[in-house]
Amino acid sequence: MTHGHPATDGLVGDGLNSRMLTEVVRLHGALRAAGLPLDLPGIEALRVGRDHIIEQLEDYIIPRLTEVEAPLLVVVGGSTGAGKSTLVNTLVQERVTTPGILRPTTRSPVLVHHPEDGRWFGQDRLLPDLKRVHQSTNDQSAIQLVASANVPRGLALLDAPDVDSVDERNRELAAQLLAAADLWLFVTSAARYSDQVPWEHLKVAVDRNTAVALVLGRTPAEDVATVSVHLARMMAARGLKDSPLFSVAQGEVSEEGLLPASYGADIRGWLQALAADSAARRDVVGQTVAGAVRTVTRKAFPLADATAAQVEAVGELLASADAVYDAAQTELLSASTDGTLLRGDLLARWQEFVGSGELVRSLDAKVGFVRERLVNAIKGKPQQAERVAAAIELAFEALAVDRADQASATASAAWATTGHGAALLEATTDDLRRAGRGLRSRAGQDARGWHEELQEFVRHEAGDARTSARFLAVGVRGLSVTLAVVALAGPTPSGQAAESVRLGHGLLETVLGRAAADRLIDQARGTLARRLAGLMVAERGRYLAPAAQWQLKPDAADQLRQAARRVDDLRFAAAKKGTGGHL
C-alpha cells in the first residue's frame, strides 16, 4: 500500500501531531487569504488546484489530525458497474447500501460503521460540508450514516459514487470522498480495468502516497486469473506494485444485494485484521496523512507564486494610475498659477472690479482728495467683488473637472489594455473613464473654502490697518478676491490679464504694504496647491477601490510560503523519526 514510499507513523500519536495540526490550520488560513481573483493567464487551473487542496485540508487532513484515534476510513470507490455497493453489502453481510443495474446507482454516499464508533462521524468532523442523514437518500449534499455490528470497531466503510459517472456531481463527489479516505478500496471489473479515468484517479493516489488496495470484481470465474495477472502488471507499471490486489468473481446477487459470503472472505478477513491491529492502522493513517500533507505543501508554493503575481499585477495597474494622476496633478497645479484661468468671464469680472486702475489711483490720491475719490471709486465694488469670487469658483471647478476627466480617460484606457485591468474596471459601479460624480461639488466647496482662508489671511495680515480708510474702502472681500486673482496669475503674468494683475498687485501693496502683500500671495498659492492636490488624491483613490475589493494582501504570498515551509519541515521531522529520513 506504500507505492514506493515507506509508511510512517511519525505524524500521528505523538507530540509532532499536535504541532502539525497547528501549522496545518495556519496553512489553511494562508490558503484562504491567498485569493486569485484576477484573470491572469493560466489562473483557472490554479484556482481549481487551490480549491482542491483547501478541500483536502478541510475534508481529511485537519479532521484526521484532530482525531488521530478515529476509525480507519475505507472508501470503496472505482468504476461504474464494478459492483461497489454489492461488495460493501457482502463485506458487511447485510444490506446497507442499494445496488442496482441502473446507472448511476449511488448518488448519496453511505458510511457504514460499528455502533460504538458513531461519535467519530459527526457533522463537525469528517467531510463537514456534507449533512448527516440516517435514511436512504439521493441527496448529493448528504452522507447516510449506517450503524452495523458486522463492521469491526476501528474501521468504517464508505460506499462512494462512480469516478466515471455520467453525472458530473457524482464524479466530483467521488473525487472528494476518495481524497478524504485513509485507505482506498478501489473496485474495477474485467470490462473496466483498462479504462483511462480510473487510472487517472489511481495516479492521484500514487502521487499522494495514499494507501490503496484494488479489487477486481464482476469478472467471470474462468477469467479472473488472466485478468488479475494483466491488472497486476498495470499496477506495477503505475507505482502500485506493493498494493494488495483482491478478486471477487461474478456471482449471483441475493435479493438483499449480497454475494455469497465466501466471495468477499479474503477482503473481509484482511480488513478485520487491519481493524484489530492498532499499529497497522496507525501505519496506514500515517502513510496517507503524510502523503496528503506532502501534496498540499508541494502545491502551495506555486499558489504562493501565483498570489504574488496577482499582487504584482494589481501593483502595476495602480502604478500606472499613479503615474497618470501624478502628471495630472502637476498640470493642474501649474494651470492654477500660470494665468490659465484668467480669461473669459473671470477676466472680464476682474477688470470691472479694478476699473482700469481707477480704484488703485483713488487709494494713491493726496490726502485732501482721498475721501471724495474713495467714495467715487468704491461705488458698486462690493457687488463686483462677489461676481469675481463667483467667476473664480466656476473657473476653479471647470479646471479641476477637466484635468480629472483627462486623467480618468488615460488611466482607464491603460487598465483596459489588460484582461484583468478591464475586469477591475467592470467590477466597480464607479465609472472610472471620467471624473468622479461628486468632483464638481467638491471643487466648488474647495473654491469657497479657499476664499474663506484668503479672507482670514487678509484680516490677520492687515492688523491695525483694518481701521484705515484705504482698507475700509476695499474691504476684506475686495482684498481677498484681489489676492486670489494675483495668486492665480502666477509670478510673471502676460497677455490681456497682465496690466490688470499688475494693478491688483499694486492694490495689495497700497493697502497692506509690499512685504505683507508678498507673504499673502505665497500663502494663497500654497493653500491653493494643497486644496487642488487633495481633489486629485480623492480622484486617484477611486482606482484603489476596485483593487481593494479583491482583498489582495501584499504579504499573502509570503505568509503562504512560510506556512507551507513550516508544515513541510514538520513532515520531514516526522519522516526522519518514523522511517529513518525517507518519505
Side-chain angles (χ1 to χ4, degrees), residues 23-62 127-129 163 168-169 171-180 196-197 200-210 289-320 415-428 546-569 571:
E23 295 303 335
V24 162
V25 169
R26 288 175 177 168
L27 175 59
H28 175 263
L31 284 163
R32 283 284 189 190
L36 303 173
L38 301 185
D39 292 327
L40 300 181
I43 198 63
E44 193 55 44
L46 288 164
R47 287 171 180 160
V48 171
R50 173 178 172 269
D51 290 344
H52 283 170
I53 66 174
I54 288 175
E55 287 177 0
Q56 178 78 350
L57 287 165
E58 294 175 346
D59 290 348
Y60 179 64
I61 296 174
I62 293 175
L127 299 162
D129 64 324
V163 297
E168 181 180 3
R169 173 55 185 154
R171 296 195 302 272
E172 293 173 351
L173 188 55
Q176 181 183 7
L177 296 173
L178 287 170
Q196 180 181 355
V197 172
E200 289 176 351
H201 283 270
L202 288 168
K203 182 179 185 302
V204 170
V206 171
D207 290 343
R208 289 179 181 166
N209 200 30
T210 302
V289 171
V293 168
R294 178 170 58 87
T295 299
V296 165
T297 54
R298 186 178 71 240
K299 292 182 177 180
F301 290 105
L303 288 171
D305 293 341
T307 301
Q310 296 262 314
V311 173
E312 182 179 354
V314 170
E316 289 173 353
L317 292 176
L318 294 178
S320 71
W415 278 31
T417 59
T418 66
H420 55 281
L424 285 176
L425 290 172
E426 292 299 320
T428 178
Q549 72 175 329
W550 298 117
Q551 299 180 340
L552 283 170
K553 299 179 180 178
D555 64 345
D558 287 339
Q559 293 293 328
L560 179 53
R561 287 192 190 96
Q562 291 169 15
R565 221 171 266 123
R566 288 193 299 267
V567 171
D568 222 22
D569 288 344
R571 184 183 67 82

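The model shown is predicted, which means the values in this text are computed figures rather than measured ones. Note: hydrogens, waters and symmetry copies are ignored here, and every other heavy atom, side chains too, is used.
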task: Determine, for K203 against D207, whether the closest basic-nitrogen to carboxylate-oxygen distance falls under 4.0 angstrom.
output: yes
- line: Distance col, row L31:CG vs I54:CD1, nearest 0.5 angstrom, shows 5.5 Å
Distance, nearest 0.5 Å, that separates CD1 of I61 from NE2 of H28: 10.5 Å
message: Under a 4.0 Å threshold between the charged nitrogen and the carboxylate oxygen, would D558 count as salt-bridged to R561?
response: yes
- prompt: If you measure from CZ on R32 to CG on L57, what distance do you get to the nearest 0.5 Å?
  reply: 10.0 Å
task: Measure the CD-CZ distance between Q56 and R208 for me, rounded to the nearest 0.5 Å.
output: 4.5 Å
query: Sequence neighbours excluded, which residues qualify as side-chain hydrogen bond (donor to acceptor under 3.5 Å, both in side chains) partners of E23?
result: R26, R566
- request: Supply the atom-to-atom distance L36 CG to L46 CG, rounded to the nearest 0.5 angstrom.
  value: 6.5 Å
message: Looking at every non-hydrogen atom in both residues, tell me the closest pair between L27 and L560 and how far apart they are.
response: CD1-CD1, 3.7 Å
statement: For Y60 and A180 the tightest heavy-atom approach is CD1-O, 3.1 Å
field: Closest contact, heavy atoms only, G291 versus N209
entry: CA-CB, 3.9 Å
statement: For A304 and A557, the nearest pair of non-hydrogen atoms, with its separation, is O-CB, 3.3 Å
Could you tabulate the donor-acceptor pairs under 3.5 Å formed by side-chain atoms of residues 416-426, not counting sequence neighbours?
unit_1	atom_1	unit_2	atom_2	d
T417	OG1	A414	O	2.6
T418	OG1	W415	O	3.2
T418	OG1	G421	N	3.0

- prompt: When rounded to the nearest 0.5 angstrom, what is the spacing between CG in L38 and CG in L317?
  reply: 7.5 Å
statement: Here the pair of heavy atoms bringing A34 nearest to T307 is CB-OG1, 3.3 Å
